[in-house]
Protein chains: 2
Amino acid sequence: MIKGLLSALLVLAAVSTSLGKPDKQAGKKEKRVPQTLSRGWGDELIWAQTYEEALFKSKTSNKPLMVILHLEDCPHSSALKQAFANSKELQKLADEDFILLNLVYETTDKHLSPDGQYVPRILFVDPTLTVRADITGRYSNRLYAYEPSDISLLISNMQKAKTVLKSEL
Amino acid sequence: MIKGLLSALLVLAAVSTSLGKPDKQAGKKEKRVPQTLSRGWGDELIWAQTYEEALFKSKTSNKPLMVILHLEDCPHSSALKQAFANSKELQKLADEDFILLNLVYETTDKHLSPDGQYVPRILFVDPTLTVRADITGRYSNRLYAYEPSDISLLISNMQKAKTVLKSEL
């Protein structure tokens with residue numbers, strides 16, 4: 001047997017509030033609906049499963065990666081999710097030009113939490129695997145947070161993530 | 001901007017043959033079916049999304065973790081998946097006593113590839129976060145590989161993963 005202890009677990013404990021929600025259903029006998037990778041952020045979009053997969057796809061497709069950190073039980077996350085899923089402009093842009101990942105657990109990459117771990121927050125990573133810490137929302141205490149009313153700013157930031165990428169090539 | 005280069009990408013390239021399959025559909029206009037976390041290994045089971053999430057759930061629930069490494073385009077993976085999904089005994093055991101994760105990308109944890117990276121392979125991790133390298137299939141050259149005819153052995157190994165855990169407590 002080999003010990004495979006991950007120190008990251010301590011970090012993960014910080015986002016454990018959504019944990020166990022699916023497990024509560026374990027005892028029920030009715031047919032379950034399959035879980036989706038989209039988690040409601042856009043059922044028709046293509047979602048990466050893991051951060052490693054998303055980075056690989058970003059690099060090979062030369063598309064920027066959009067990482068959404070959220071929690072299923074968080075009302076702020078749910079409100080943003082609804083606005084995100086309902087914006088046709090945003091969904092089209094996401095579908096055509098981005099590698100997409102939504103996570104309810106933090107990764108071990110500290111670059112994805114430049115100003116701390118909170119939800120919801122959205123970070124962009126360009127295909128050179130550079131976290132775009134310069135692309136921020138409008139809240140100085142939580143630079144990567146967005147509210148439902150910030151969808152236009154988010155779309156603008158997505159265009160920024162796209163444009164800078166192209167001009168750098 | 002912060003550099004977030006992952007050396008793991010080199011490892012991931014080894015399992016890249018399944019990549020891009022969803023991307024080919026990107027240009028199509030018809031409604032897409034939402035992607036599932038189960039990927040066909042059991043739509044009614046509860047699947048973890050990432051290895052970090054799975055480890056956390058294993059530790060907190062005190063249930064062993066079953067990790068399935070596979071590829072969507074691999075016929076051996078598909079054949080095992082079908083047998084896995086169709087075995088009621090296995091699905092029941094998985095549902096009741098295991099934290100479940102299926103991955104098409106390798107993780108950065110080398111403990112999950114004790115004798116190399118190949119698919120399909122199945123490893124167990126107990127809630128103390130110990131990879132159970134002692135629980136193997138019947139092929140000496142690929143210790144963690146299973147074929148569709150090995151479902152009974154796999155069920156037996158799942159029981160082993162459960163039993164040893166309990167006797168150690």
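Labels below follow one simple rule: chain letters A, B, ... track the order of the sequence lines, proteins then strands, and each chain is numbered from 1.
- B:Leu154 and B:Phe98 fall within a single hydrophobic cluster, where Ile, Leu, Val, Met, Phe, Trp and Tyr side chains are chained together by heavy-atom contacts under 4.5 Å.
- In this structure, the side chains of A:Arg32 and B:Ile46 come closer than 4.5 Å at one or more pairs of heavy atoms.
- Nearest heavy atoms, B:Trp47 versus A:Gln35: N-OE1, 2.7 Å.
- B:Thr108 OG1 to A:Tyr51 OH: the interatomic distance, rounded to the nearest 0.5 Å, is 12.0 Å.
- For A:Ile135, no part lies near chain B; criterion is any non-hydrogen pair under 4.5 Å.
- Considering CG of A:Asn102 and CD of B:Gln49, their distance stands at 6.0 Å, rounded to 0.5 Å.
- B:Tyr144 is linked by a ring pair (Phe, Tyr, Trp, His ring centres under 6.0 Å) to nothing, counting only residues two or more places apart in sequence or in another chain.
- B:Ser78 is linked by a side-chain contact (heavy atoms from CB on, under 4.5 Å) to nothing, counting only residues two or more places apart in sequence or in another chain.
- With B:Glu52 contributing its side chain and A:Thr107 its backbone, the two residues share no donor-acceptor pair below 3.5 Å.
- Separation of atoms OH (A:Tyr105) and NZ (B:Lys57) is listed at 5.5 Å; rounding is to 0.5 Å.
- Using a 4.5 Å heavy-atom cutoff, the side chains of B:Leu37 and A:Leu37 are in contact.
- Two different hydrophobic clusters hold B:Tyr139 and B:Leu153 under the rule that ILVMFWY side chains link at heavy-atom gaps under 4.5 Å.
- Only the side chain of B:Leu101 comes within contact range of chain A, with heavy atoms under 4.5 Å apart.
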